[in-house]
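Data first, discussion second: the structure below is written as structure tokens.
Excluded from the calculations below are hydrogen atoms, water molecules and symmetry mates; all remaining heavy atoms, backbone and side chain alike, are included. Note on naming: letters A, B, ... go to the chains in the order of the sequence lines (proteins, then strands), and numbering restarts at 1 for each one. Computed from a predicted structure; not experimentally measured.
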Amino acid sequence: MVRVRFAPSPTGYLHVGGARTALYNWLFARKNGGRFILRIEDTDRTRYVPGSVDDIMESLRWLGLVWDEGPYFQSARIQIYREHANLLLEKGHAYRCFCSPERLDELRKEQMARGLKPGYDRKCRSLPAEESSKLAKEGKPFVIRLKVPLDREIVFEDYLRGTIKVKGSELEDIILLKSDGFPTYHLANVVDDHLMGITHVMRADEWIPSTPYHIFMYEAFGWEAPVFAHLPVILAPDGKGKLSKRHGATSVLEFRKMGILPEALVNFLALLGWSPGGDREIISLEEMIELFDLRKVGKRGSVFDFNKLYWMNSYYIRNKDLKELLVLSKPFYQDAGIELQEKDDNTLLNILSLYRERVKTLSELPAVTKYFFTDDIEYDPEGLKKHLSSKEKFLLIREFTKTLVEIDSFTKERIEQKLREFATEKGVHPKELIHPIRILLTGKTIGPGLFELMEVLGREACIRKLERGISILENAN
RNA sequence: GGCCCCAUCGUCUAAGAGGCUAGGACACCGCUCUUUCAAGGCGGCAGUAGGGGUUCGAGUCCCCUUGGGGCCA
């Protein structure tokens with residue numbers, strides 16, 4: 001049975017790069033009827049950031065990537081790693097190293113000075129077993145290092161990249177267990193992947209250089225290695241290096257705060273490095289499970305294009321069920337300081353039907369629809385200059401406002417009819433009224449069709465806003 | 001610097017394991033619809049990094065160069 005895992009370190013929020021790795025793992029598990037496991041690699045206490053674990057789990061849940069097992073915490077499994085380090089010691093594939101940090105430091109300096117590549121000189125590798133045990137019993141601090149094979153190559157098949165070979169002599173005798181008894185990433189990762197029955201390791205390709213160590217450890221333990229598939233990284237929009245904070249949002253929850261829909265983010269992330277083939281662009285999580293094929297995942301890094309994400313998000317927003325959109329939008333109004341009552345639901349529903357195809361993110365909503373909730377409107381100065389600068393125009397609109405009470409049923413059709421009749425009567429083009437009225441009602445020159453807008457606003461609000469606007473602006477002129 | 005990975009429009013990508021006039025999407029630019037803005041429709045711009053092979057035929061296979069990225073420092 002297929003078993004995959006997502007194994008983040010709790011060193012901060014969940015980055016979109018990590019989210020995509022999680023997504024591919026999740027898809028692979030779903031596709032193959034396997035299990036998706038969440039493991040928290042928290043053995044490095046110095047890099048631990050409180051709150052990370054909650055952020056990571058919240059992010060995954062929001063994206064819909066629910067795990068089948070876990071979270072397992074490595075910090076609760078320290079004893080297991082120690083035992084396994086000792087196992088390698090017994091098998092002769094690891095050794096105790098008693099070199100002090102001072103010696104290592106000096107060694108490095110000397111190597112640098114001589115223009116050599118810095119690295120451990122394997123001094124303790126040749127320490128006789130009895131000597132090693134004796135020093136350990138005496139309480140001399142030590143680390144446990146991996147005894148990499150110096151005389152051969154380490155070869156493995158990457159599922160995406162094919163054969164990768166590295167000469168053993170290029171490798172270092174990396175530390176497996178630190179002097180405080182805590183495991184390094186390499187040890188804990190390999191031990192856990194084996195013990196947890198992981199069949200496929202999908203991780204970022206920055207791990208390619210450490211994979212030979214992992215392969216050798218599997219050999220040394222006498223275990224069968226899982227299949228490795230190293231996923232390409234996500235690059236910054238400038239194409240230089242990995243996507244990081246300075247390029248804008250990178251955390252999953254940050255995108256949620258911006259009003260990105262989870263299905264949009266998932267869809268976008270999925271297509272960053274993978275394509276189902278053909279021209280498919282909009283794909284739901286369910287369809288992805290059907291279509292996903294690890295073989296079709298690309299090898300090269302992909303640039304994170306915010307534009308495309310926004311486009312995709314706007315697509316999902318305008319195709320979203322209005323009632324669902326209502327629930328999703330409310331928090332954004334809350335954050336913007338607009339208090340909504342239960343009775344506002346209907347209005348908001350109507351507002352959303354007017355605006356869902358005009359916004360790219362949910363967070364834009366409060367600002368552009370604020371005029372529904374207040375008469376205190378900021379009028380666009382450019383718009384005023386263009387559409388509402390003459391005395392006559394004010395008079396005309398004031399007169400039109402009075403006719404609004406005559407409309408028997410305040411629907412967009414009847415309002416339009418009324419306005420067009422009025423315009424004809426006065427010998428002006430309907431535009432001459434439409435533009436200034438939109439500004440008076442909304443403060444803006446752009447927005448939904450005027451008549452549907454007025455219908456949603458309602459007769460009273462329209463009259464009130466028009467009169468108020470005219471009196472303020474006339475005096476200001 | 002050493003080792004490793006990668007290479008199709010500006011960006012994301014397609015071209016089932018050689019047959020192509022190199023397809024789609026985002027962005028951009030026109031036109032259209034229209035009361036503005038969106039959305040929609042129609043159209044345009046734009047790419048196989050360079051050089052050698054293999055082959056009747058190469059984006060697809062091999063080598064070199066160049067460029068980008070990662071890891072170790």
Nearest non-hydrogen partners of A:H186 and A:S210, listed with the distance: CE1-CB, 3.4 Å
Integer angstrom distance from the C1' of B:G24 to that of B:A14: 7 Å
Scanning both residues in full, the closest heavy-atom pair of A:R256 with A:F332 reads O-CZ, 3.5 Å
Gap between atoms CZ and C1', on A:F228 and B:C71 respectively (whole Å): 16 Å
Quick check: closest heavy atoms across A:A19 and A:L63, and the distance to 0.1 Å? CB-CD1, 3.9 Å
Find the distance A:I208:CD1 to B:C3:P and express it as a whole number of Å. 16 Å
Of A:V166 and A:E206, the one whose closest nucleotide on RNA chain B sits nearer the 5' end is A:V166
Find the distance A:D105:CG to B:A73:C1' and express it as a whole number of Å. 13 Å
Separation of B:A38 atom C1' from A:N313 atom CG, nearest Å, is 15 Å
Quickly work out the A:R161 CZ to B:G69 P distance and round it to whole Å. 16 Å
Interatomic distance at P, B:G47 relative to B:U8, whole Å: 14 Å
Please check the phosphate of B:C71 (OP1 and OP2 only) for any side-chain N or O of A:K242 closer than 4.0 Å. yes
Using atom P in both nucleotides, what's the gap between B:C63 and B:U54 to the nearest angstrom? 15 Å
Taken to the nearest whole Å, CD1/A:I164 to C1'/B:C71 is 13 Å
Determine, for A:F182 and A:R45, whether the Lys NZ or Arg CZ falls below 6.0 Å from the six-membered ring centre while staying within 45 degrees of the axis. yes
Any strand: nucleotide that pairs with B:C28 via Watson-Crick or wobble, under 3.5 Å: B:G44
Pair A:R414, A:Q417: side-chain N/O donor-acceptor within cut-off below 3.5 Å: yes
Under 3.5 Å, is there a donor-acceptor pair between the A:R203 and A:T211 side chains? yes
Would you mind classifying the nucleic acid contact of A:R108 as base, sugar-phosphate or nothing, using non-hydrogen atoms under 4.0 angstrom? sugar-phosphate
Separation between the C1' atoms of B:U66 and B:A25, rounded to whole Å: 30 Å
Take atom P in B:A22 and the same atom in B:G59, then report the distance between them in whole Å. 10 Å
Check the chi torsion on B:G18 and let me know: syn if it falls within 90° of 0, anti if not. anti
Contact summary for A:Y81 and A:P183, nearest pair of heavy atoms: CD1-CG, 3.4 Å
Can you give me the N/O atom pairs linking the protein to nucleotides 32-36 of chain B at distances under 3.5 Å, or say none if there are none?
unit_1: B:U35; atom_1: OP1; unit_2: A:R420; atom_2: NH2; d: 3.3
unit_1: B:U35; atom_1: O2'; unit_2: A:H435; atom_2: NE2; d: 3.2
unit_1: B:U35; atom_1: O2; unit_2: A:R438; atom_2: NH2; d: 2.7
unit_1: B:U35; atom_1: N3; unit_2: A:L450; atom_2: N; d: 3.4
unit_1: B:U36; atom_1: O2'; unit_2: A:T445; atom_2: O; d: 3.4
unit_1: B:U36; atom_1: O2; unit_2: A:T445; atom_2: O; d: 3.3
unit_1: B:U36; atom_1: O2; unit_2: A:G447; atom_2: N; d: 2.9
unit_1: B:U36; atom_1: O2; unit_2: A:G447; atom_2: O; d: 3.2
unit_1: B:U36; atom_1: N3; unit_2: A:R438; atom_2: NH2; d: 3.2
unit_1: B:U36; atom_1: N3; unit_2: A:G447; atom_2: O; d: 2.5
unit_1: B:U36; atom_1: O4; unit_2: A:G447; atom_2: O; d: 3.4
unit_1: B:U36; atom_1: O4; unit_2: A:G449; atom_2: N; d: 3.1

For nucleotides 39-44 of chain B, which of its nitrogen or oxygen atoms have a protein nitrogen or oxygen under 3.5 Å away, and what is each distance?
unit_1: B:A39; atom_1: O3'; unit_2: A:R318; atom_2: NH2; d: 3.3
unit_1: B:G40; atom_1: OP1; unit_2: A:R318; atom_2: NH2; d: 3.2

Which atoms form the tightest heavy-atom contact between A:G119 and A:L107, and what is the distance? O-CD2, 3.7 Å
Could you tell me which non-hydrogen atom of A:E406 sits nearest to which non-hydrogen atom of A:R459, and how far apart they are? N-NH1, 4.4 Å
Measuring only the P atom in each nucleotide, how far is B:G70 from B:U32? A whole number of Å is fine. 47 Å
Write down the distance between CZ (A:R203) and C1' (B:G70), rounded to a whole number of angstrom. 14 Å
Between P on B:C4 and CZ on A:F156, what's the gap in Å once rounded to a whole number? 12 Å
Show me the protein contacts with nucleotides 7-15 of chain B, counting only N or O atoms at under 3.5 Å.
unit_1: B:U8; atom_1: OP2; unit_2: A:R300; atom_2: NE; d: 2.7
unit_1: B:U8; atom_1: OP2; unit_2: A:R300; atom_2: NH1; d: 2.2
unit_1: B:U8; atom_1: OP2; unit_2: A:R300; atom_2: NH2; d: 3.0
unit_1: B:C12; atom_1: OP1; unit_2: A:V303; atom_2: N; d: 3.0
unit_1: B:C12; atom_1: O2'; unit_2: A:L271; atom_2: O; d: 2.9
unit_1: B:C12; atom_1: O2; unit_2: A:K308; atom_2: NZ; d: 3.4
unit_1: B:U13; atom_1: OP1; unit_2: A:G273; atom_2: N; d: 2.4
unit_1: B:U13; atom_1: OP1; unit_2: A:S302; atom_2: OG; d: 3.0

First locate atom CD1 of A:I215, then atom CD1 of A:I164, and finally report the distance between them rounded to the nearest 0.5 Å. 9.5 Å
Measure centre to centre between the rings of A:H194 and A:F221, then say whether the value is under 6.0 Å. no
I'd like to know whether A:F372 forms a side-chain contact (heavy atoms from CB on, under 4.5 Å) with A:V456, so could you lay out the CA-CA distance, the side-chain angles of the two residues, the decisive distance to 0.1 Å, and finally the verdict. CA-CA 9 Å; A:F372 277 95; A:V456 173; 3.5 Å; yes
Given that both distances must come in under 3.5 Å, which nucleotide forms a Watson-Crick or G-U wobble pair with B:A58? none
So, A:K308 and A:E281, do they make that salt bridge, N to O below 4.0 Å? yes
If we take the C1' atom in both B:U21 and B:A17, what is their distance in whole Å? 24 Å
Nucleotide paired to B:C71 in any strand shown, Watson-Crick or G-U, under 3.5 Å: B:G2
Determine the interatomic distance between P on B:C20 and the same-named atom on B:C3; round to the nearest Å. 41 Å
Name the pairing partner of B:U8, where a pair is Watson-Crick or G-U wobble with both distances under 3.5 Å, or state none. none
